[in-house]
Amino acid sequence: MAPVATPFFFYLLSLLTLGSAFLVITRRNPVHSALALILGLLAQAGLYLMLYAPFVAGVQIILYAGGIMVLFLFVIMLVNLERAQREEQFNKQWLVGILAACALGALFVFVFWKGSGLFPTSLEPMAEASNTQQVAELLYGPYMFAFEIASLLLLVAMIGAVVMAKKRI
Amino acid sequence: MNITQFILVAVVKIVLAIWLLLTAVAYTVWLERKLVGHIQNRWGPTRVGPFGLLQPLADGMKFIFKEDLTPPHVNKPLYIAAPMISLVFALTSIALIPVGGWVRVAGVNTPLEITEVNMGLLIILGITSLGVYGVALAGWSSNSKYSLLGGLRASAQMVSYEVALGLSLVGVLILAGSFNLREIVDAQSGTFWGVIPRWYIFRWPPQIVGFLIYLTAAYAETNRLPFDLPEAETELVAGYHTEYSSMKFAMFFMAEYANMITVACLASLLFLGGWHGPVAGPAIVRAVLPVFWFGLRVFGFLFLYIWVRGTLPRFRYDQLMAFGWKFLLPLAIANVIVTALIVALRS
């Protein structure tokens, strides 16, 4: 079946992503921020689906929305929120933050302006059934090295966390 | 098929599937009370209707007419949203589960599931992994220590066992080469030498280890005994739903049983050949028999659930975590490696 109303869904999902990202940084209650982040991740999964990448969308939901964010929420639930909300924010880096955000935004605009040929204007529908296989062939073929380095980095982070959390090993 | 027909068929299938699922949920509760009653040398429900068969109806009425109490100390929006999240995700996953082949009704060919998706299995796993938020948020928003402990236990337990659960399915996925549940089931049709069905637990390499890991992890995923730590009555009153009453409590209850049914459906589809079985007789019987075989398998799993609940004592929390991470997960990884090696060497 041919896709229907793609512009509508694209704008809807983009709006959801941006709106929830905005909520993440403006809510004072961290649990609400985390929930907004979950919504944003789900909307992103929708965008992946629209790019004919169902495997990436599924993994995004299972790993990010259903796995990592549960652990986020787990940690936040252990914090005494009422006291944390009354405390003044000690991290006064808004100037650096604004500068960094502006620089990144300028970079995006520049790439969009100059590199218009980089982005395909329309996408060829790919065979949905072989998507997983294509991802696997890319990961274990040309991008093998990057893939292994990423897994090594994760292993280092894991060992680091264990070392820091355990007093005696 | 034109658009009106498409919508009509979809609506009919959705209503039918939800109705079937909720009825199955109600009667699984009845079955559990009856079976556990007999296991413990009691009668179980006997008063409402013959064999207590109308008991689910009475329970439902009671839930609706009970006072819906919202304690003053809760975080109200999330307290109300939590049971909804639980139930919605529990009911959504049924949309992708096929219960039989294609049927032809009034000139329209349609598969026996609400919608057929190529990534069906992946999406079901995604939806079930989101269901944990209902439990976690219920625990947090209730603002009471028992609920919070229950919610924390639930989220830790479900995230831990999800890993083993996901990996236990990889063996079947390697053999089937597809995420499409219908293709996976169709690959299991027929028999070896006319006797042994070509189910994935009997194939070479046999997925019996994966099947047992899946079954064990599924008990933890659905918070059933012996892994029902999130609602351990002896220590946590009722865990994450301590502060809930009336229909909100019933929604958690329904979500738990709906999840049990989904997990049982997946186990039958992936490991036990779905709806395949001996089919004979006139056309109408041929159409209905596969659905019956599928229902029989699901019933078998539900029976096993209840049997285990009536037999095994509850684990301790550290035992649960150690079991999941130090035994199930390595075993699941070993299963994946062995299966992949055999398949690679054979091809």
Side-chain angles (χ1 to χ4, degrees), chain A residues 1-2 4-5 27 29-39 41-42 44-46 48-49 52-82 85 125-136 140 158 162, chain B residues 1 3 6 73 75 77-78 81-82 85 89 115-143 147-160 162-163 165-166 170 173-174 176-180 182-183 221 240:
Chain A
M1 196 186 255
V4 216
R27 293 279 92 188
N29 189 332
V31 171
H32 294 175
S33 292
L35 290 178
L37 187 52
I38 294 164
L39 187 69
L41 291 170
L42 290 178
Q44 273 179 33
Y48 291 146
L49 268 186
Y52 300 101
F55 179 74
V56 184
V59 169
Q60 163 98 354
I61 294 177
I62 295 175
L63 284 189
Y64 281 88
I68 293 173
M69 284 314 294
V70 176
L71 296 180
F72 260 63
L73 211 60
F74 187 86
V75 174
I76 294 171
M77 289 197 311
L78 288 174
V79 179
N80 187 347
L81 286 182
E82 276 166 23
Q85 272 178 2
M126 277 178 281
E128 205 184 312
S130 60
N131 181 259
T132 316
Q133 205 178 348
Q134 287 167 356
V135 171
Y140 291 101
M158 219 150 70
V162 171
Chain B
M1 186 156 52
I3 190 81
F6 179 78
H73 52 76
N75 183 323
L78 289 180
I85 295 175
F89 286 123
T115 180
E116 205 192 335
V117 190
N118 268 330
M119 289 278 159
L121 182 61
L122 208 58
I123 295 175
I124 290 178
L125 288 180
I127 293 170
T128 40
S129 74
L130 290 176
V132 62
Y133 287 117
V135 175
L137 288 176
W140 180 79
S141 67
S142 295
N143 213 354
S147 301
L148 182 64
L149 282 172
L152 288 176
R153 280 185 178 187
S155 36
Q157 171 181 334
M158 283 166 136
V159 167
S160 308
E162 216 172 81
V163 186
L165 186 106
V170 175
L173 292 175
I174 291 175
S178 169
F179 275 118
N180 187 327
R182 192 171 290 279
E183 278 174 23
E221 278 291 294
Y240 61 90

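So you know, we letter chains A, B, ... as the sequences are listed, proteins then strands, and number each from 1.
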Task: Gap between atom CG of B:L152 and atom CE of A:M77 - 0.5 Å precision - done: 4.5 Å
- [ ] Drop me the distance from A:I61's CD1 to B:L125's CG, to the nearest 0.5 angstrom.
- [x] 11.0 Å
Task: Donor-acceptor pair, side chain of B:Y133 and main chain of A:L35, under 3.5 angstrom - done: no
Open item on the list: Counting neighbours of OH on A:Y64 that are heavy atoms of other residues, nucleotides or ligands and sit closer than 6.0 Å, is the number greater than 12?
Closed with: no
Based on non-hydrogen pairs under 4.5 Å, which of [options] is most in contact with chain A?
| options | value |
| --- | --- |
| B:V159, B:L148, B:L122 | B:L122 |
| B:P77, B:S155, B:G131, B:G166 | B:S155 |
| B:I127, B:V132, B:N180, B:L137 | B:L137 |

TODO: Using a 4.5 Å cut-off on heavy atoms from C-beta on, say whether the side chain of A:L42 contacts that of B:L130.
DONE: yes
TODO: Select one option (side chain, backbone, both, neither) describing which atoms of B:I123 are under 4.5 Å from chain A's heavy atoms.
DONE: neither
Task: chain A contact via B:S178 - side chain, backbone, both or neither, heavy atoms under 4.5 Å - done: neither
TODO: Would you mind checking which part of A:I38 comes under 4.5 Å of any heavy atom in chain B, side chain (CB onward), backbone (N, CA, C, O), both or neither?
DONE: side chain
Task: Shortest non-hydrogen separation from B:E162 to A:I62 and the atoms involved - done: OE1-O, 4.3 Å
TODO: Considering non-hydrogen atoms only, spot the tightest contact between B:W140 and A:N29 and give its length.
DONE: CH2-ND2, 3.9 Å
